[in-house]
Amino acid sequence: MIDFVAHNLAPIMFVCVMAMLLIGYPVAFTLAAGGLFFFAIGVEMSAISSEIRLFWPLLQSHPERVYGIMYNDTLLAVPFFTFMGLILERSRMAEDLLETIGQLFGPVRGGLAFAAVLVGALLAATTGVVAASVIAMGLISLPIMMRYGYNRSVATGTIAASGTLAQIVPPSLVLIVMADQLGRSVGDMYVGALLPALIIVAFYCLYVLILSLFRPEWVPALPPEARTLGGGVTSLVAVLAAAVAIYMITYNTVFADMRYEVRLVWAATVATLAAYLFSLINRQFKLGILSRLAEQVVIVLIPPLALIFLVLGTIFLGIATPTEGGAMGATGALILALAKGRLNLTVLKQALDSTTKLAAFVMFILIGARVFGLTFYGINGNIWIEELLLSLPGGEYGFLIFVTIIIFILGCFLDFFEIAFIAVPLLAPAAEALGIDLIWFGVILGINLQTSFLTPPFGFSLFYLRSIAPMRDWTDTVSGRVLPGIKTFEIYKGALPYIVIQFIMILIVISFPQLVTHYKSAPGVGGGDVEIKLPPLGPPPADGGDGDQPAPFGLPPLGMPDNSSGGEQPAPFGLPPLNLQPEDTPPKPGPATDLSQPPKIE
């Protein structure tokens, strides 16, 4: 019996810890307690089982392992991006974006749903936090959609799904943690995830378009009286065309002598500032050159787009690391909030408080995962997991499908941080053994975790929306009408089409890995590991095994005596050989050398 337990201690430990997590015990403490408990069992059983490699002095490695977490440069990006998102959320940027884009798409059927998807993508690229995106859009968009007759399932499903874009759109916190756990560059992970993220946004918009064609009563256009900014799309197109023209001219003339990355940044900056300043001057002096709609769109959209470019553009171009990009983004968010007059000590204190809590939450989970990992690896748990996964039929595709199902099920119960710190380190070695690109693997897991946020009955995004959606009849303050509350079943029903879209996207990324692996050729971002092999130093071996191996760096071998033949090796650069002889042997006279001449290189 004891031999059976010792042989199967790894699966027993894994099942026990996962059961405690699913029951609801705190993750960090469950991982740490489970690791220490099974460590003690493993030490006692190590005397009767050669498969267990645990001993008490191994506990002394924990302080160094914990310290290694604290000075991890990659994870330093997490509080920076969290702080940036919280400052932008509290400066009511989401409110301005939703109102402006809603007015822009207002005349189109499904315009408010299009606005929710696009604003969700913009918020994802600036905040990177699902809860902030879902709650902000739910508080602002949901009452407007209900007011103008949107189908309640469509409205709630669109808002919940758009909020989950923060899981996969860079600078997602999921991608940062995933890159850290997979041992890959965050910049590569961002570049690899960008194209799948844009395709997901396009699929969401396509779904809304199909609804507007076949169920127009579910997604009506805004009535004329609700379009407070009026028309004027023509002048907006003219401003965009002028900005593109300025970009092309400055790129090819003013900044033509600069490096590609610098030219792009400066040309885009000049074009953006020109459009923004012209819109401000038009509003300030009431010139009337631009329509109110074009003026509002430019003034509201350019600051967050500039912030996105400041963060992601500099990372993609190789100008800044993700941590530096997060620091610049946090600084830019403070500047935007200050420029809008919405930055005060209360907002700053709330943002710092929430950022500290989230960073501590992540760190404690990671510390617990390190304690769990030390024990799990000591009882050969990694070998058990790897053998189990490598024995799956279907090769890499069978492995990816199996992992997708497992992560999807875990995502219904566990937070993405918990999955990233527990499951990903166990899955990565098997994926690498199968020859799977780990950036591709990480993006598939990211899309999968995004799907799990929408899955009833435990989807976190659904919980966030449920917490702010009215459950009972409520009175609309604008129209004065009493509108019915939203049932939980309607929220779940609205999320189902987007879950199907997510699964289709996972299959597409698995089938076409080049959607992700294009990161290897992206400018400014490291594509892969570079291996530098140096030739061996020292003289060739006397046994002649590798005797014709060249000396390092293409130089002739050093003039060391050859004991086997009594001869001498020629010295490099045409210099006389080094006469290294035993102390009791008289040195041999070397050839005469003219020291007034420079050494001859042959």
Results of side chain to side chain contact (heavy atoms under 4.5 Å, CB included) for T375 - residues two or more places apart only: M13, F38, F39, L54

Salt bridge (Lys or Arg N to Asp or Glu O under 4.0 Å) partners for R65, two or more places apart: none

Pairing residues for Y207 by the ring-ring contact (aromatic ring centres under 6.0 Å, His included) criterion, not counting sequence neighbours: Y498

Residues in ring-ring contact (aromatic ring centres under 6.0 Å, His included) contact with F453, at least two apart in sequence or another chain: F460

Give the table of side-chain donor-acceptor pairs shorter than 3.5 Å for residues 499-510, with sequence neighbours excluded, one pair per line with atom names and distance.
unit_1, atom_1, unit_2, atom_2, d
Q502, OE1, Y204, OH, 2.7
Q502, OE1, Q450, NE2, 3.3
Q502, NE2, Q450, OE1, 3.3
Q502, NE2, T451, OG1, 3.4

Pairs of donor and acceptor atoms involving the side chains of residues 390-405, under 3.5 Å and at least two apart or interchain, shall be tabulated with distances.
unit_1, atom_1, unit_2, atom_2, d
S391, OG, E387, O, 3.1
S391, OG, L388, O, 2.8
T404, OG1, L400, O, 2.7

Which residues share a ring-ring contact (aromatic ring centres under 6.0 Å, His included) with F372, sequence neighbours left out: F376

Test side chain to side chain contact (heavy atoms under 4.5 Å, CB included) applied to L139 - qualifying residues, sequence neighbours left out: I135, I468

Qualifying residues under side chain to side chain contact (heavy atoms under 4.5 Å, CB included), relative to T331, sequence neighbours excluded: I335

Which residues share a salt bridge (Lys or Arg N to Asp or Glu O under 4.0 Å) with D437, sequence neighbours left out: K520

Partners meeting ring-ring contact (aromatic ring centres under 6.0 Å, His included) with Y251 (sequence neighbours left out): Y247

Could you pull out every donor-acceptor pair under 3.5 Å between side chains of residues 298-326 and any protein atom, sequence neighbours left out?
unit_1, atom_1, unit_2, atom_2, d
T314, OG1, L310, O, 2.5
T314, OG1, V311, O, 3.1
T321, OG1, E324, N, 3.2
T321, OG1, E324, OE1, 3.4
T323, OG1, D73, O, 2.8
E324, OE1, T321, N, 3.0

